[in-house]
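Throughout, protein chains are lettered first and strands after them, A, B, ... in sequence-line order, and every chain is numbered starting at 1. All values below come from the heavy atoms of this structure, side chains included, with hydrogens, waters and symmetry mates left out.
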4 protein chains.
Amino acid sequence: MLVVMQRSATQEQIDHVLSVIKEMGLTAHPLPGATRTAIGITGNTGAVDAQPLSVLPGVFDLIRVTKSYKLTSREMHPEDTVVQLPQARLGPGTFTVIAGPCSVESEAMIMHTAEALAERGIKLLRAGAFKPRTSPYSFQGLGLEGLKYLHKVRERFGLGIVTELMDLEHASAVEEVADLIQIGARNMQNYSLLRKVGQMKKPVMLKRGLSATLEEWLMAAEYVLSGGNFQVVLCERGVRTFADHTRNTLDLSIVPSIKKLSHLPIIVDPSHGTGKRDYVIPMGLAAMAAGADGLLVEVHPHPDRALSDGAQSISLPQLDLLLSKLKRLEGPLELKLV
Amino acid sequence: MLVVMQRSATQEQIDHVLSVIKEMGLTAHPLPGATRTAIGITGNTGAVDAQPLSVLPGVFDLIRVTKSYKLTSREMHPEDTVVQLPQARLGPGTFTVIAGPCSVESEAMIMHTAEALAERGIKLLRAGAFKPRTSPYSFQGLGLEGLKYLHKVRERFGLGIVTELMDLEHASAVEEVADLIQIGARNMQNYSLLRKVGQMKKPVMLKRGLSATLEEWLMAAEYVLSGGNFQVVLCERGVRTFADHTRNTLDLSIVPSIKKLSHLPIIVDPSHGTGKRDYVIPMGLAAMAAGADGLLVEVHPHPDRALSDGAQSISLPQLDLLLSKLKRLEGPLELKLV
Amino acid sequence: MLVVMQRSATQEQIDHVLSVIKEMGLTAHPLPGATRTAIGITGNTGAVDAQPLSVLPGVFDLIRVTKSYKLTSREMHPEDTVVQLPQARLGPGTFTVIAGPCSVESEAMIMHTAEALAERGIKLLRAGAFKPRTSPYSFQGLGLEGLKYLHKVRERFGLGIVTELMDLEHASAVEEVADLIQIGARNMQNYSLLRKVGQMKKPVMLKRGLSATLEEWLMAAEYVLSGGNFQVVLCERGVRTFADHTRNTLDLSIVPSIKKLSHLPIIVDPSHGTGKRDYVIPMGLAAMAAGADGLLVEVHPHPDRALSDGAQSISLPQLDLLLSKLKRLEGPLELKLV
Amino acid sequence: MLVVMQRSATQEQIDHVLSVIKEMGLTAHPLPGATRTAIGITGNTGAVDAQPLSVLPGVFDLIRVTKSYKLTSREMHPEDTVVQLPQARLGPGTFTVIAGPCSVESEAMIMHTAEALAERGIKLLRAGAFKPRTSPYSFQGLGLEGLKYLHKVRERFGLGIVTELMDLEHASAVEEVADLIQIGARNMQNYSLLRKVGQMKKPVMLKRGLSATLEEWLMAAEYVLSGGNFQVVLCERGVRTFADHTRNTLDLSIVPSIKKLSHLPIIVDPSHGTGKRDYVIPMGLAAMAAGADGLLVEVHPHPDRALSDGAQSISLPQLDLLLSKLKRLEGPLELKLV
């Protein structure tokens with residue numbers, strides 16, 4: 001932490017700030033400059049809230065130096081984390097494609113889709129039984145019945161199940177069926193939910209919130225890790241900006257940024273990230289080239305009849321095209337496509 | 001809904017779109033233009049997802065006409081809603097100041113603060129027992145113990161209690177103590193929680209999400225109203241933008257916008273909205289002038305010792321100054337300050 | 001400037017950074033902490049670009065301490081600047097309403113409007129002769145002919161003229177006619193233009209760019225002041241965000257922020273700031289309450305026949321209503337309405 | 001254009017809107033629906049400003065159907081445009097790397113850099129003689145002297161010159177030296193400048209403004225094309241959002257969006273797009289995978305001694321690494337690296 005004093009700050013004001021810092025159990029290092037004084041603070045353990053200093057007389061600004069994330073930080077844990085599921089792994093060296101429809105619409109539909117995905121070598125199926133929808137009047141998912149069908153999918157096709165948990169009420173039901181528990185973008189800062197999955201034994205996929213900074217995202221992951229669950233995969237799915245040519249703005253530069261600052265694997269969701277089917281293939285390829293560990297793509301056997309997110313779902317032939325294009329980049333990018 | 005065809009769309013493609021619309025049970029109105037054809041759709045009940053049309057061959061764009069919110073819409077309910085609490089009312093003609101510390105820090109502290117607020121004529125005290133914090137290592141609130149102290153505040157000083165509900169687990173405990181249940185910005189799209197408070201008998205204050213559009217905010221309120229609870233107050237608390245001179249960007253123009261499109265009362269939180277104590281008074285006055293129905297302000301007897309959000313809390317003398325300035329605007333703005 | 005070293009930085013890396021700082025002619029202050037070292041830098045004159053330090057081995061982050069603006073800073077110039085025009089003043093204690101149509105559409109129209117404004121006590125008329133339009137196919141203004149009409153307005157009604165300068169080519173023509181030269185939002189970082197008006201003798205109104213931070217805005221003003229022209233008025237006109245209920249997001253909290261950090265007067269343009277006529281009055285009142293020094297409002301005798309920006313222009317009866325409401329706030333806010 | 005009436009709109013109000021549309025010389029198509037009426041408008045030539053309709057009594061909303069860009073639109077010009085320079089081409093099938101330092105710092109430095117780039121097969125060198133800098137106290141470029149050195153670079157090494165034009169004053173000097181005239185992000189809506197380059201015979205590279213929508217960007221290009229200069233290359237260089245892990249947010253999804261809506265080539269600048277050297281390689285690869293026609297990268301022989309933008313410039317060994325990685329993707333992506 002650095003306290004920057006006003007140019008006009010008196011020695012008395014500086015001394016007062018120094019004494020308050022001392023009272024907080026910290027060490028102050030005055031840095032007199034040509035035009036103003038700054039005061040470095042050391043000895044903090046990270047949990048100290050120094051905001052109150054900002055309002056002391058003569059203080060101009062307060063600058064944070066230490067990042068708040070710890071367990072998620074690469075400084076703490078230099079090696080890459082690999083999230084190991086029974087059916088696949090997420091982490092360096094592999095590029096894992098998770099695919100499936102936005103929601104489980106019926107038993108027949110999910111079985112049909114699962115079979116088609118398994119035939120194409122997909123190892124992880126994503127589909128929502130519980131759906132967070134902007135409107136209370138939209139289809140909200142099949143709920144527990146949907147989970148039952150996902151369980152059948154797992155049994156019959158050996159596919160790993162990726163599905164969303166929306167609340168504490170359905171925590172154990174989802175935990176039982178899922179191989180990878182999805183926390184959606186709207187719940188990225190639902191701390192009760194994060195604490196809950198922090199105590200679970202199943203890996204967690206944490207989507208980035210619509211307006212989450214890198215630090216807030218890692219802090220949300222920190223809730224899960226600090227609960228004891230270290231198996232966390234991050235998923236970039238676009239953020240909200242002024243740009244209106246896509247539904248969200250897919251922020252691929254977060255991929256190398258996360259790789260630099262954290263040890264957690266990160267995948268990219270070009271379906272939600274663009275909201276338009278036509279852009280899923282180019283942005284999926286771009287995500288791979290940017291260094292992501294995998295993709296989450298919405299696939300629907302009949303996108304124009306989907307009960308939700310049809311416009312951003314690709315068809316099975318489009319999935320084939322995506323997979324063949326990814327396959328061509330496997331060697332040049334030194335990744336193994338899964 | 002309006003389907004805009006490409007300039008190069010063939011008659012066959014247009015006919016296909018027309019037949020798909022018909023299959024959906026809707027009525028299509030072709031609008032041939034000089035350079036392209038558009039197709040108006042009527043007969044929809046609002047819940048229809050027409051996105052799949054966007055990917056039919058020859059379709060250029062899809063334009064939504066009808067807004068999705070219904071119960072929250074002024075078109076449906078032209079008169080202003082008044083949210084009536086035992087201690088005060090929120091709605092047109094009055095300007096209600098809700099004040100209190102970010103969190104209940106101890107029994108002594110909250111009693112002391114409550115007494116000071118009651119002496120100043122404040123009718124509604126806000127304080128968090130459960131605190132959503134970005135870091136798992138920050139103070140998370142006193143929880144049920146905090147609620148107990150808030151109950152005492154209500155008993156002793158007659159103040160109405162405004163406090164946050166974060167999860168289903170503590171729903172009944174919060175419902176029992178609160179006069180106005182706060183749903184925080186991070187939970188604005190926590191639909192399980194919204195559905196829960198939709199079934200409660202206590203009024204709800206719904207804060208705007210950090211990146212929520214007006215429509216998403218009203219749709220979140222729609223979850224509460226559609227559950228049967230019509231006593232909802234909206235609270236603008238700043239949105240996330242690129243601007244860095246304040247913690248968030250307080251979007252006061254949402255006040256007249258909400259007034260135009262909805263019948264629900266709306267208040268403004270200049271404390272979270274700016275994150276800086278010095279701006280609470282000017283922005284509080286501005287909110288009143290913009291037509292808000294009240295303020296939510298963070299007040300702390302000793303802001304520089306606050307366990308959370310000290311930098312944005314005003315002191316009691318600053319509250320006195322704010323109240324006296326609001327009082328001067330009461331007459332000119334034809335509002336009664338409460 | 002503060003250089004934050006990685007936790008794993010070696011003593012050798014720290015020493016290298018120290019020596020590079022020394023080579024740059026600056027003084028380094030090492031601050032060893034519990035988990036990492038930071039290095040304070042003093043002696044810089046503000047113009048030094050220390051970014052290269054960020055890529056030295058072992059460096060984690062670089063934190064700027066000193067703000068770059070100087071002449072515009074309140075620290076340098078504690079008293080408020082008053083911009084004095086022949087017809088009115090802009091600065092503390094007064095609240096000045098600048099009004100007029102988006103563009104000069106014809107001689108008859110601007111004369112008619114000017115007369116109506118003068119009758120209402122307006123002292124400064126704004127109208128564009130040169131119009132920056134998003135589309136090359138939109139009406140681009142009457143150009144030099146428009147300036148001629150504005151000159152007549154000044155002669156006949158004694159109104160001060162506020163009009164936009166778009167390029168070097170028309171600099172002297174605009175300077176001759178204008179009492180206050182407007183630099184538009186799109187040209188806020190047109191440095192050739194800023195340097196030009198920095199050499200002029202006429203006051204300048206600098207609109208905030210669509211995505212300008214406070215610091216960038218003050219730096220743009222710094223271009224004008226550093227050229228020798230200290231008569232600068234800032235004008236907030238909304239910024240670009242994700243919010244879609246208004247054309248732009250009017251950022252009123254920049255008003256107290258500018259007042260704190262700079263000595264320059266600041267006015268608010270609720271017409272461009274919201275893009276919707278209905279919100280001009282509430283946001284105009286809010287701007288006054290927030291501490292602005294005046295308003296810039298689009299007024300058109302027949303808004304629905306305006307050649308540009310008709311949707312955000314208020315009519316003359318609406319201007320009367322605005323003025324009467326502002327008048328009522330004059331006393332309580334201790335301002336004199338002009 | 002579609003006019004959406006309020007649910008409560010009277011037949012009289014609807015008739016009034018119909019008659020106003022007729023007065024405007026357009027054709028109105030009433031679309032009565034279950035809950036409200038909408039009115040389709042045809043016959044417009046694109047230049048009509050229908051905003052005034054939005055304020056007629058009973059009107060709820062106004063929805064634009066036709067996009068405003070024409071000459072830049074793929075609908076008008078289905079084949080991809082190829083921008084042909086003497087040294088290289090920009091367009092489909094090739095991937096062109098433009099490289100060079102942020103600014104011409106001295107004759108020795110630019111000659112040294114040019115030689116190194118030519119040795120590596122680079123065909124186009126970018127370097128600024130005129131530099132738009134946020135601060136008036138920063139290095140502003142060598143100006144005409146810098147252009148002279150660039151001319152020597154062209155003579156000696158046969159490299160094509162890409163350099164920025166900032167104002168009308170230096171238009172002919174820049175036009176003479178440049179093979180590709182850069183219009184910077186801050187000048188994307190400097191319409192006087194756009195009109196000027198629209199009359200030139202040299203190709204133009206138009207960078208995206210910091211907060212420009214796709215439509216505004218294409219409209220800015222439309223200024224150039226409508227002046228008669230069809231040789232325009234677009235350059236994505238990051239937009240401004242709340243995200244703070246990079247200097248700007250590189251919006252790669254604009255690449256397939258532009259490809260879909262326009263025929264103009266588009267390249268990507270990962271240096272400004274991220275502001276951090278470490279991210280230039282991953283984002284450069286991602287841009288290629290996303291379908292861009294080339295890159296603009298900042299290269300400096302000694303990045304930590306650069307007079308501007310050192311932190312985002314890559315070194316020559318890093319350029320070698322980038323080129324070798326791009327080379328590996330050439331075949332799989334069916335592009336020829338230039």
Side-chain angles (χ1 to χ4, degrees), chain B residues 208-218 236 238-262 268 270 273-292 324-334, chain C residues 208-218 236 238-262 268 270 273-292 324-334:
Chain B
R208 182 180 180 189
L210 245 78
S211 58
T213 62
L214 180 145
E215 183 165 357
E216 289 171 337
W217 196 12
L218 287 183
E236 160 68 22
V239 289
R240 179 154 284 174
T241 73
F242 68 87
D244 56 3
H245 60 280
T246 42
R247 183 172 163 184
N248 298 295
T249 297
L250 192 66
D251 178 13
L252 286 184
S253 71
I254 198 105
V255 173
S257 305
I258 285 287
K259 288 284 173 199
K260 186 174 180 185
L261 296 169
S262 177
V268 171
T274 65
K276 295 190 181 173
R277 175 183 316 175
D278 289 354
Y279 305 157
V280 169
I281 291 180
M283 298 314 285
L285 297 174
M288 192 186 203
S324 74
K325 283 178 180 266
L326 291 172
K327 190 79 192 163
R328 297 189 66 185
L329 297 184
E330 203 185 34
L333 294 174
E334 294 169 23
Chain C
R208 182 179 180 190
L210 246 77
S211 59
T213 62
L214 180 145
E215 183 164 358
E216 289 171 337
W217 196 14
L218 287 182
E236 159 69 21
V239 290
R240 180 153 284 175
T241 73
F242 68 87
D244 56 2
H245 61 282
T246 43
R247 182 172 165 184
N248 298 295
T249 297
L250 191 67
D251 178 13
L252 286 184
S253 72
I254 198 105
V255 173
S257 305
I258 285 287
K259 288 284 172 199
K260 186 174 180 185
L261 297 170
S262 176
V268 171
T274 65
K276 295 191 180 171
R277 175 183 315 174
D278 288 355
Y279 305 157
V280 168
I281 292 180
M283 298 316 285
L285 297 174
M288 191 187 204
S324 74
K325 284 180 179 261
L326 290 171
K327 190 79 193 166
R328 298 190 66 184
L329 296 184
E330 203 185 35
L333 294 174
E334 293 170 23

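Heavy-atom minimum distance, B/Phe242 versus C/Arg240: CE2-O, 3.6 Å.
Looking only at heavy-atom pairs under 4.5 Å with chain B, the residue among C/Pro282, C/Ala287, C/Gly291 that has the most is C/Pro282. Of the residues considered (B/Gly238, B/Ser253, B/Ala290, B/Ala243), B/Ser253 shows the highest number of contacts with chain C, using heavy-atom pairs under 4.5 Å. Of all the listed residues (C/Leu250, C/Asp251, C/Thr249), the one sharing the greatest number of non-hydrogen pairs under 4.5 Å with chain B is C/Asp251. Across B/Leu329, B/Ile254, B/Leu285, B/Asp244, the residue that shares the most heavy-atom pairs under 4.5 angstrom with chain C is B/Ile254. Ranked by non-hydrogen atom pairs under 4.5 Å with chain C, the options B/Gly331, B/Ala289, B/Gly284, B/Gly273 are led by B/Ala289.
Contacts between C/Lys276 and chain B at a heavy-atom distance below 4.5 Å are absent for every atom of the residue. Of the atoms belonging to C/Thr246, it is side-chain heavy atoms, and not backbone ones, that fall under 4.5 Å from chain B. Contacts between C/Glu334 and chain B at a heavy-atom distance below 4.5 Å involve the side chain alone, from C-beta outward. Neither the backbone nor the side chain of C/Ile281 comes within contact range of chain B; no heavy atoms are under 4.5 Å apart. The part of C/Ala212 that comes within reach of chain B is its backbone (N, CA, C, O), which places non-hydrogen atoms under 4.5 angstrom from that chain. With a threshold of 4.5 angstrom between heavy atoms, B/Lys327 does not approach chain C through any atom at all. Using a 4.5 Å cut-off between heavy atoms, C/Thr241 contacts chain B through its side chain alone, with no backbone atom that close. For C/Leu252, the parts lying under 4.5 angstrom from a heavy atom of chain B are both the backbone and the side chain.
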When you look at B/Leu261 and C/His245, which way does the side chain to side chain contact (heavy atoms under 4.5 Å, CB included) test go after all the steps? CA-CA 10 Å; B/Leu261 296 169; C/His245 61 282; 5.8 Å; no

